[in-house]
Amino acid sequence: MSNKSTKNLSLQPPFNFNDRWEELLENKDFVKVFLSDVLEDYIKKQRWYGGKASKLKYIELAEYFKIQQNEEVYYGLILEVNFDEAFYQHYFLPIAFVSDENFAMENRILPISIQNQEGFIIDAIHLEAFRKVVFERILNALPKDKTRVRYHKSELFKDCKYESSRFMGLEQSNTSIVYNEKYVLKFFRRIYADRNPDYEMSRFLSDKKDFKNTPAYLGSIQIKDSDDLNITIGLMQEMVENQGDAWEFMLTELHKVFSNLEYKKINIKQLPKTEDYGRLQITDVPPQIIDWAGLNLFLKIQTLAKRTAEMHIALGSEFEDTAFTPTHFNGDYTVWLKNRLLYQFQNRLNAIENNLHKLDGLALELANEFLERKNEIRKKFVNFDWTKLKGERIRVHGDYHLGQVLVKDDDFYILDFEGEPESTIRDRKVKQPPLKDVAGMFRSFHYAIYATIFNNIELYKHSQNELFEAGEILYQYLKGVFLGTYIVEIQNANINIGYHQERIFLLKYSLLEKAVYELGYELNSRPRWAVIPLKGISNIINN
């Protein structure tokens, strides 16, 4: 069906349909009109739409189902968006019909009349009545829901009633609703034909393992599609009161650290260094470093390391649910890993060659080093010899960085278990070494250091290169203090992450993988920041 289908329909706007709203989606003409250019234009403007870099060809209706309570009926649509580049994505869009002229000006998709009542089809999430229905359906969910739309709730979600709802704010890929200022329902917009990892991990960690440092799982909505697969539409969790995320916290702390260079008249050349990937207690950190960076920063890093370890301990201590039981390295995993990384590496090489003209200074120098030593880097990815590895693989967070962690008082809460945005849903569920998450957090530390320098360069008296030098010294201590706490916690719980050399190998491997992944993003969206992943890659190939 061409996306210009409305042009040759016998129907002309304004469209009138004589069906009742409850049967409207059975009307083929309505579906054709609805899936026209009007819907394309609406979808392209949404923050959650992930196809902006590709050319949209046409939209089909893959599934529809009713979201209802008594007389109130809404439709949940799964739209298949097809692209010229011969791939497709699925999106969830709930719809409502409103006849009030003054309503939802921004979120109208299509003006139509139903049985001679004029109105608009809108995205139902913008309608409070719809949000209330969804809340009540989860709250009143039966223990064994066998219908096509399955509402589930945990034992924690009880003794309350609907009071209020509002949008959470500026999210990219999903839409979250805050209820009663106490609960958050995340509607997944980009949909996969399988349970969403965020739902699986959240329910497993909070419901089954009672892991306290993630928002408690309260409920969910799944649908069974026509192939009998489960699709997660929504995830309800408790709302964690917080003072912002760990990324903002880190930027504030690091700004103090870099301001101290001048304020405390610190000689960068004389700052003591520490071994790479060493394990440090705070007592091992030299007084000059504590004096410069402050004790608070290192204490917070220890707490974050402890929470990270506790998350991995919960994920690695399961013996019944096969989706979560630990497993060893093997040939299949290695083939999967190498294929993925070599493909990604080639893609990044092309990106660097095409963007070299946008780089200068250290970034250009490091980009040239990357190109000159590409075979050596490629070899590092190929040299993954699983037969020497004794540690275990478990389900991991998969996209772990400071932005996925909330700060509450002196503690941290971990969220967003959806996994890496570029990966397929199957890839996100592959069991990985837990050190992959640790590497993700280390890359995030590295980013925070450089972002602080870039964002405040005119406030500091030192040259950019001196600040980079100080930043790299601090980075070693942050990693060391994190590992000092993380490894002790993990080993005390008998989680097997391998012997010392193996851990260093897995960390370096994962850091390299992460930095190569980041490189693509930076080259495409902000070349000035490409220096950060390039420096990360250079650190690994030169140490």
Side-chain angles (χ1 to χ4, degrees), residues 1-6 8-43 46 48-49 56 58-82 88-100 103-104 107-127 129-131 133-134 137 145 147-151 175 187-191 193 221-234:
M1 184 178 92
S2 133
N3 63 344
K4 301 293 176 240
S5 54
T6 46
N8 36 32
L9 280 178
S10 51
L11 289 156
Q12 291 298 318
F15 303 108
N16 181 49
F17 296 94
N18 287 321
D19 313 72
R20 290 167 57 238
W21 165 251
E22 290 75 9
E23 282 102 45
L24 192 60
L25 262 93
E26 286 149 39
N27 180 325
K28 298 270 187 295
D29 285 337
F30 166 74
V31 172
K32 249 181 193 168
V33 166
F34 181 73
L35 296 176
S36 70
D37 316 5
V38 183
L39 180 62
E40 285 181 23
D41 293 340
Y42 177 80
I43 281 193
Q46 304 309 307
W48 43 260
Y49 175 60
L56 196 156
Y58 59 87
I59 299 177
E60 289 180 305
L61 182 60
E63 306 271 343
Y64 74 87
F65 48 94
K66 286 178 180 167
I67 295 174
Q68 67 189 94
Q69 180 167 262
N70 309 331
E71 304 303 301
E72 277 186 85
V73 176
Y74 304 94
Y75 287 105
L77 311 182
I78 306 283
L79 301 171
E80 182 172 301
V81 178
N82 289 271
Y88 59 84
Q89 293 174 341
H90 285 122
Y91 288 94
F92 168 60
L93 178 70
I95 58 168
F97 175 71
V98 293
S99 52
D100 183 342
F103 196 76
N107 305 294
R108 293 173 179 177
I109 301 172
L110 182 73
I112 62 164
S113 66
I114 297 177
Q115 296 182 322
N116 297 318
Q117 182 179 27
E118 289 186 16
F120 303 91
I121 300 268
I122 65 163
D123 181 335
I125 291 179
H126 294 275
L127 199 59
F130 168 77
R131 301 198 293 261
V133 163
V134 174
R137 288 302 311 256
D145 190 345
T147 53
R148 186 159 168 243
V149 184
R150 297 186 176 176
Y151 300 91
T175 307
F187 281 108
F188 296 104
R189 293 297 203 158
R190 177 98 187 266
I191 291 295
I221 314 168
Q222 318 268 344
I223 68 149
K224 280 263 191 224
D225 74 0
S226 42
D227 300 323
D228 214 31
L229 289 166
N230 279 300
I231 296 177
T232 313
I233 299 298

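Residue numbers count from 1 along this sequence.
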Under the side-chain contact (heavy atoms from CB on, under 4.5 Å) rule, what do V149 and K66 come out as? Steps first, then yes or no, please.
-> CA-CA 8 Å; V149 184; K66 286 178 180 167; over 6 Å; no

Stepwise side-chain contact (heavy atoms from CB on, under 4.5 Å) test for F120 and I109 = CA-CA 7 Å; F120 303 91; I109 301 172; over 6 Å; no

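- For the atom pair Q222 CD and T232 OG1, the distance stands at 4.0 Å (nearest 0.5 Å).
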Under the side-chain contact (heavy atoms from CB on, under 4.5 Å) rule, what do I67 and Y151 come out as? Steps first, then yes or no, please.
-> CA-CA 10 Å; I67 295 174; Y151 300 91; 3.6 Å; yes

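- The distance from atom CD1 of I221 to atom CZ of R137, rounded to the nearest 0.5 Å, is 9.5 Å.
- Ring pair Y91/W48 is tilted by interplanar angle, where 30° to 60° counts as tilted.
- Residues passing the ring-ring contact (aromatic ring centres under 6.0 Å, His included) test with F65, sequence neighbours excluded: none.
- Side chains of V134 and Y74 form no contact here, defined as non-hydrogen atoms less than 4.5 Å apart.
- Side-chain contact between I78 and D225: absent, with no pair of heavy atoms (C-beta onward) separated by less than 4.5 Å.
- What you find for Q68 and V133 is that their closest heavy atoms are C-CG1, 4.1 Å.
- Annotation: salt bridge (Lys or Arg N to Asp or Glu O under 4.0 Å) contacts of E23 (sequence neighbours excluded): R20.
- Across all their heavy atoms, S113 and E118 have their closest contact at CB-CA, 3.6 Å.
- Here the side chains of V31 and Y64 are not in contact, with every heavy-atom distance at 4.5 Å or above.
- Residues L25 and I95 have side chains in contact (heavy-atom distance under 4.5 Å, counting atoms from C-beta outward).
- Between Q115 and D19, the closest heavy-atom pair is CG-O, 3.6 Å.
- Looking only at side-chain heavy atoms (C-beta outward), I112 and F30 come within less than 4.5 Å of each other.
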side-chain contact (heavy atoms from CB on, under 4.5 Å) between L39 and L110, intermediate numbers included = CA-CA 8 Å; L39 180 62; L110 182 73; over 6 Å; no

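- Summarising the geometry, atom CD belonging to E80 is positioned 11.0 Å from atom CG belonging to L35; distances are rounded to the nearest 0.5 Å.
- Taking both residues in full, the closest heavy atoms of L24 and Y75 are given as N-OH, 3.6 Å, listed atom of the first, atom of the second, then distance.
- Closest of all the heavy-atom pairs between I125 and F187 is CD1-CD1, 3.5 Å.
- Between atom CG of residue N82 and atom CD1 of residue I59 there is a gap of 9.0 Å, rounded to the nearest 0.5 Å.
- Residues Y42 and D123 have side chains in contact (heavy-atom distance under 4.5 Å, counting atoms from C-beta outward).
- Note: I191 CD1 to F92 CZ = 7.0 Å, rounded to the nearest 0.5 Å.
- For the pair I223 and R150, the minimum side-chain heavy-atom distance is 4.5 Å or more.
- A distance of 11.0 Å separates CG of L79 from CD of E63, quoted to the nearest 0.5 Å.
- Of all heavy-atom pairs spanning P94 and F130, the tightest one is CB-CZ, 3.7 Å.
- A distance-only check finds no donor-acceptor pair linking the side chain of N107 to the backbone of I122 [under 3.5 Å].
- Here the side chains of V38 and V33 are not in contact, with every heavy-atom distance at 4.5 Å or above.
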